[in-house]
Undergrad: 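Quick one: the structure is below, questions incoming.
Only heavy atoms go into these numbers, but all of them, side chains included; no hydrogens, no water, no symmetry mates. Quantities reported herein were computed from a predicted structural model and do not represent experimental measurements. Both counts, for ligands and for their atoms, begin at 1 and track the order of listing.
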Amino acid sequence: MQYSISNWIYATEDLEKSLQRLVKYEYDAVELEGEPDKEKYEPKKVKKMLQQYGLEVSSIAGMYLWKEEIKRDLASSDKKIREQTIIYLFKCIDYAKLISAKLVIVVPAAVSKLAPSLSKKEDWKNSVKAVQEVAKYAEKKDILLAIEPINRYETYLVNSVQDALYYAREVNSSHVKIMADTFHMNIEERDIPEAIRIAGNNLINVHIADSNRCSVGRGHINFKALIKALKEINYQYALTLEPLPPVSDPYLALEGGVSENIFDQYAAESIMGLKYFELIT
Ligand code: LER
Ligand code: MN
């Protein structure tokens, strides 16, 4: 299995500093925050750094913001918002291609928008249609899209692995698959390993954090059973760490004065725990 960390958890931290942490704790890859227009992610500069540190890019984490200044929402009843989100995803796909990432994460409705624009049924239809358009572009560029189910306290449309499978089936593209996130699964799934088995070969990325969103071992998720299920489905993609200090948003962690040591500690503990379970299962 490939070990990766989503650099979204490091918020405004200098990218090189984050990459150095990944190398120090022997990760293979990084999942980059999907912000292709940000200076921090200038592709030539990023490519050079990746080469220098011997890291791959496992994925691009699409950011489905729901803020006063910017709304990225594939399920919006407002055509303009849907269209600007489609264009945003085209840019993420182009960016993925430039830095040799295999996949882009898609959340079917904005994160922290908790109720439908119209009805859940109408929003579902709008979102599926929008992603069908994105999928055509992804097929052309040969980049995969991974539908991420997120718990009900952050979004309302696709919350479970089964929701994501239904959604991907409706989009109906060779390049639309699903992913899982153990933190959200702990809230939404009846049985985490069983959900992994149901996802089967549709699963192309797994975000990892413990039940309290801290690093592996600090909560009560049974990671041994998770790894066993991943082995059973012959999972060949990345385990992408997404542990957060106990705050709701990574930007609050740095601003709130969380010590940087915690990032090192979480990176070290998580890979050690997972590799141990990989070895013994
Ligand atoms: C992002 O991968 C995620 O899991 C969400 O909780 C982001 O808000
Ligand atoms: Mn996630």
Side-chain angles (χ1 to χ4, degrees), residues 2-12 18 27 29-35 57-67 70-75 85 88-89 92 96 101-115 127 144-161 163-164 167-168 177-189 192 195-196 199 202-216 219 221 223 226 230 235 237-254 266-267 270 274:
Q2 186 184 45
Y3 288 86
S4 183
I5 294 189
S6 188
N7 88 312
W8 165 73
I9 64 172
Y10 301 138
T12 52
S18 306
Y27 285 82
V30 62
E31 176 178 285
L32 289 176
E33 183 189 24
E35 289 296 355
V57 183
S58 55
S59 33
I60 301 296
M63 295 284 130
Y64 302 88
L65 307 172
W66 186 250
K67 295 187 172 161
I70 178 156
K71 297 197 189 309
R72 293 185 189 138
D73 182 18
L74 293 158
T85 314
Y88 161 72
L89 275 165
C92 285
K102 291 182 272 304
L103 68 95
V104 174
I105 296 174
V106 172
V107 179
V111 175
S112 74
K113 174 190 170 202
L114 296 179
S127 178
L144 296 171
L145 303 179
I147 308 299
E148 182 174 10
I150 285 188
N151 82 73
R152 69 192 72 177
Y153 304 106
E154 290 188 40
T155 191
Y156 62 93
L157 204 57
V158 170
N159 303 123
S160 66
V161 161
D163 292 344
Y167 183 93
K177 307 281 181 190
I178 74 160
M179 59 171 289
D181 179 320
T182 55
F183 169 70
H184 300 302
M185 291 177 104
N186 179 59
I187 297 170
E188 297 293 346
E189 306 295 340
I192 294 178
I196 295 288
N202 286 293
L203 194 70
I204 60 170
N205 190 22
V206 181
H207 279 168
I208 304 265
D210 216 322
S211 49
N212 47 9
R213 217 167 201 178
C214 296
S215 58
V216 171
I221 287 182
F223 284 102
L226 174 85
L230 288 169
Y235 182 72
Y237 294 85
L239 296 181
T240 309
L241 274 297
E242 207 176 42
L244 286 176
V247 286
S248 62
D249 177 323
Y251 288 86
L252 298 175
L254 280 179
Y266 279 11
S270 296
L274 293 171

Undergrad: Where is the tightest heavy-atom contact between Asn205 and Thr240, given as atom of each residue plus distance?
TA: OD1-OG1, 2.8 Å
Undergrad: Answer yes or no for Phe183: is there a heavy-atom contact with ligand 1 below 4.0 Å?
TA: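 Under 4.0 Å: no for Phe183.
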Undergrad: Side chain of Asp210, backbone of Asn212: donor and acceptor closer than 3.5 Å?
TA: no
Undergrad: More than 12 heavy atoms of other residues, nucleotides or ligands under 6.0 Å from OH of Tyr237: yes or no?
TA: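 Counting neighbours around OH of Tyr237, 12 or fewer heavy atoms of other residues, nucleotides or ligands fall under 6.0 Å, so no.
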Undergrad: What atoms in ligand 1 come closer than 4.0 Å to a heavy atom of Asp181?
TA: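 Matching atoms, with element in brackets: 4 (O).
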Undergrad: Among His184, Glu154, Arg213, His207, which one has a heavy atom closest to atom 8 (O) of ligand 1?
TA: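 The option holding the nearest heavy atom is Glu154.
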Undergrad: Within the 3.5 Å criterion, strictly below it, is a donor on His207 or Glu31 matched to an acceptor on the partner's side chain?
TA: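 His207 vs Glu31: donor-acceptor pair found between side chains.
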Undergrad: Tell me, which N, O or S atom in Glu148 is closest to the Mn ion (ligand 2)?
TA: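 Closest to the Mn ion (ligand 2) among those atoms: OE2.
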Undergrad: Restricting to non-hydrogen atoms, name the atom on Tyr27 and the atom on Ala267 that form the minimum distance, rounded to 0.1 Å.
TA: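 Residues Tyr27 and Ala267, closest heavy atoms: OH-O, 2.6 Å.
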Undergrad: At a 4.0 Å cut-off, with the gap strictly under it, does some heavy atom of Met179 reach an atom of ligand 1?
TA: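 Met179 does not count as a contact of ligand 1 under the 4.0 Å cut-off.
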Undergrad: I'd like to know if the side chain of Ser4 reaches the main chain of Ala29, judged simply by a donor and an acceptor atom lying under 3.5 Å from each other, with no hydrogens or angles considered.
TA: yes
Undergrad: Could you tell me, atom by atom, which parts of ligand 1 come under 4.0 Å of a heavy atom of Val111?
TA: 8 (O)
Undergrad: Are any of the side-chain heavy atoms of Val158 and Ile150 separated by less than 4.5 Å?
TA: no
Undergrad: What protein heavy atom sits nearest atom 2 (O) of ligand 1, and how far away is it?
TA: Glu242 OE2, 2.7 Å
Undergrad: Tell me which part of Ile150 gets within contact of ligand 1: side chain, backbone, both or neither, using heavy atoms under 4.0 Å.
TA: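 It is the side chain that gets close, since no backbone atom is under 4.0 Å.
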Undergrad: Determine which of the N, O or S atoms in Glu242 is closest to the Mn ion (ligand 2) and give its atom name.
TA: OE1
Undergrad: For ligand 1, which atoms, with element, lie under 4.0 Å from some heavy atom of Trp8?
TA: 7 (C)
Undergrad: As a test of reading the structure, name the N/O/S atom of Asp181 that is nearest the Mn ion (ligand 2).
TA: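 Restricting Asp181 to its N, O and S atoms, the minimum distance to the Mn ion (ligand 2) goes to OD2.
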Undergrad: For a distance under 2.8 Å, tell me if His207 has an N/O/S atom near the Mn ion (ligand 2).
TA: yes
Undergrad: Taking all non-hydrogen atoms of both residues, which atom of Ile204 and which atom of Tyr235 are closest, and how far apart?
TA: C-OH, 3.7 Å
